[in-house]
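What follows is a short report on a single structure.
In what follows, every chain begins at residue 1, and chains take the letters A, B, ... in the order their sequences are listed. Just so we're clear, the structure is a prediction, and the values are computed from it rather than from any experiment.
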There are 2 protein chains.
Amino acid sequence: MELSTIPQLFPAFEKELQREIQEQGEIRFYKSEEQLMRTGQYFRSTMLILNGLVKIYREDEDGNEFFMYYLQPGQACALSMVCAAEHKRSAIMAKAVKDTEIIAIPLNFMEEWMGKYKSWNHFVISTYRSRFEELLSTIDHIAFRGMDERLEFYLKKHQETMRTNLIAINHQEIANELNSSREVISRLLKKMEQFGKVKLHRNAIEIIQL
Amino acid sequence: MELSTIPQLFPAFEKELQREIQEQGEIRFYKSEEQLMRTGQYFRSTMLILNGLVKIYREDEDGNEFFMYYLQPGQACALSMVCAAEHKRSAIMAKAVKDTEIIAIPLNFMEEWMGKYKSWNHFVISTYRSRFEELLSTIDHIAFRGMDERLEFYLKKHQETMRTNLIAINHQEIANELNSSREVISRLLKKMEQFGKVKLHRNAIEIIQL
DNA sequence: TCTGAAAGGTGACGAAGGTCACAATAAGGT
DNA sequence: ACCTTATTGTGACCTTCGTCACCTTTCAGA
């Protein structure tokens with residue numbers, strides 16, 4: 001299947017680069033819920049998402065986690081680029097939320113291709129750019145918005161990304177991802193239900209109107 | 001003075017690139033407190049700091065501002081790169097905190113040099129990288145830490161960046177930069193004074209022990 | 001020296017959100 | 001059908017922080 005997906009997901013890459021990726025990259029599979037990388041880990045490669053879906057979290061020393069953004073097929077983990085290049089520990093945690101297939105590009109090729117392939121260079125830079133903007137928008141939310149707005153935004157993102165109005169998740173997990181507590185999330189969800197924005201089910205939230 | 005500072009501040013750049021920067025770049029001066037760019041503005045160029053000091057803020061629609069990080073001589077504004085490249089409006093505000101001299105590189109050269117000069121390419125990427133990390137650390141603070149810790153961190157950054165133990169600033173301004181309120185900052189500072197961490201003066205804070 | 005503006009201090013109060021304890025429901029396995 | 005466990009609901013309470021009102025101190029300029 002890799003033979004078909006790489007040109008499809010990365011059509012801007014030169015044929016030769018697509019071939020190299022297939023030759024040098026190592027395909028890996030992760031089951032849903034499996035961690036692709038842990039906070040504190042070193043990188044030896046950068047990762048391109050082939051299919052599935054990945055969520056990126058920030059963690060602090062006390063184990064609090066905090067959802068930042070999604071990575072979709074055709075995207076790369078900007079942090080793995082940062083860390084691989086600087087030989088630094090990972091500052092983030094990545095988790096598969098569907099069964100996910102990635103291709104890992106060893107650091108040395110990543111560097112080599114930067115000079116060799118214009119399209120790779122462009123890809124790396126535009127990856128930084130888009131993640132940069134995600135981070136800014138994340139900062140906006142936690143700096144300027146209340147938990148109610150953040151919850152709505154979270155649900156909206158989930159809805160758009162997963163393309164479904166029925167979100168299969170429990171309140172505790174949402175609380176973790178927003179670095180809040182279950183009771184608070186439960187209360188806010190209840191309020192949203194009263195406003196007709198969602199309908200609550202066990203282990204699921206149905207989006208009505210956001 | 002530009003003739004000497006560019007090779008000095010950007011020693012990794014090829015001689016030819018240094019010459020091009022001097023030829024194509026436009027030197028601009030900003031007085032302390034002057035804004036280098038405003039939220040909502042379009043970019044036609046990216047900026048390299050030659051001397052002085054610049055602070056980068058995030059602003060929301062209601063005019064709340066929020067300090068993110070410093071830019072020092074030899075550094076570039078990553079956001080101006082993002083925005084210039086994508087023809088997007090600025091999502092940030094930049095303000096000189098000392099009299100500051102910058103050199104503005106028009107967008108088309110920025111792109112051209114990416115292919116032409118390895119060192120420029122590397123510079124752009126490492127600018128993204130370091131700003132990326134700044135943003136992550138900013139997120140940490142607002143997501144996981146209370147105002148007390150954030151205030152200490154703010155003062156520490158100021159102290160390190162300005163290389164002085166006497167910070168000339170009033171409480172209201174700190175409150176603005178942390179998106180808090182004067183009273184809260186005053187109270188926290190008082191508490192820090194009781195713990196012997198700082199000594200408070202009018203329009204100034206003396207760092208004792210952080 | 002006087003005075004007004006700026007800066008800082010303080011108490012009261014409220015809202016948001018975190019924590020605790022425990023009740024109510026629902027689902028799945030036996 | 002019954003029991004166990006996971007999930008959700010709820011009230012009480014606390015802390016942090018923002019806001020308001022008003023006071024005190026400091027300082028620069030008339």
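- In this structure, NE2 of A:His201 is placed 12 Å from P of D:dT8, rounded to the nearest angstrom.
- The backbone N or O of B:Leu53 sits less than 3.5 Å from a side-chain atom of B:Thr100, completing a donor-acceptor pair.
- B:Arg131 forms a cation-pi arrangement with B:Tyr69, by the criterion of a distance under 6.0 Å to the ring centre and an angle within 45° of the ring axis.
- When atom types are taken as modelled, the side chain of A:Ser32 and the backbone of A:Val97 share a donor-acceptor pair closer than 3.5 angstrom.
- A close approach under 4.0 Å does not occur between any side-chain nitrogen or oxygen of B:Lys190 and OP1 or OP2 of C:dG8.
- Side-chain contact annotation: B:Glu177 with B:Tyr57, donor-acceptor N/O pair under 3.5 Å present.
- Between the P atom of D:dT7 and the CD1 atom of A:Ile174 lies a distance of 12 Å, rounded to the nearest Å.
- Taking atom CZ of residue A:Phe144 and atom P of nucleotide D:dG18, one finds them 12 Å apart after rounding to whole Å.
- Distance, B:Glu206 CD to C:dG8 P: 15 Å, rounded to whole Å.
- Rounded to a whole Å, the CE atom of B:Met147 is 9 Å from the C1' atom of D:dG18.
- For A:Leu200 and D:dG9, the CG to P distance is 6 Å, given to the nearest whole Å.
- Using modelled atom types and a 3.5 Å distance limit, the side chains of A:Glu101 and A:Asn51 yield a donor-acceptor pair.
- Of the two residues near DNA chain C, A:Gly146 and B:Asn170, the one whose nearest nucleotide lies more 5' is B:Asn170.
- Summarising the geometry, the separation between CD on A:Glu173 and P on D:dA6 is reported as 14 Å, rounded to the nearest angstrom.
- B:Asn203 comes within 4.0 angstrom of the backbone, heavy atoms only, and of no base.
- Applying the side-chain contact (heavy atoms from CB on, under 4.5 Å) criterion to B:Gln159, with sequence neighbours excluded, gives B:Lys156, B:Asn165, B:Ile207, B:Leu210.
- Of the side-chain N and O atoms in B:Ser186, one or more sit less than 4.0 angstrom from OP1 or OP2 of C:dG9.
- When rounded to the nearest whole Å, the span between CZ of B:Arg150 and C1' of D:dT16 equals 12 Å.
- Applying the side chain to side chain donor-acceptor pair (under 3.5 Å) test to pairs two or more places apart or on separate chains, those with a residue in residues 190-210 of chain B are B:Glu152-B:Lys197, B:His201-B:Glu206.
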Under a 4.0 Å heavy-atom criterion, the protein footprint on nucleotides 19-30 of chain C, written with B, S and -, is BBB---BBS---
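- For B:His171 and C:dA6, the shortest distance from a side-chain N or O to OP1 or OP2 is not below 4.0 Å.
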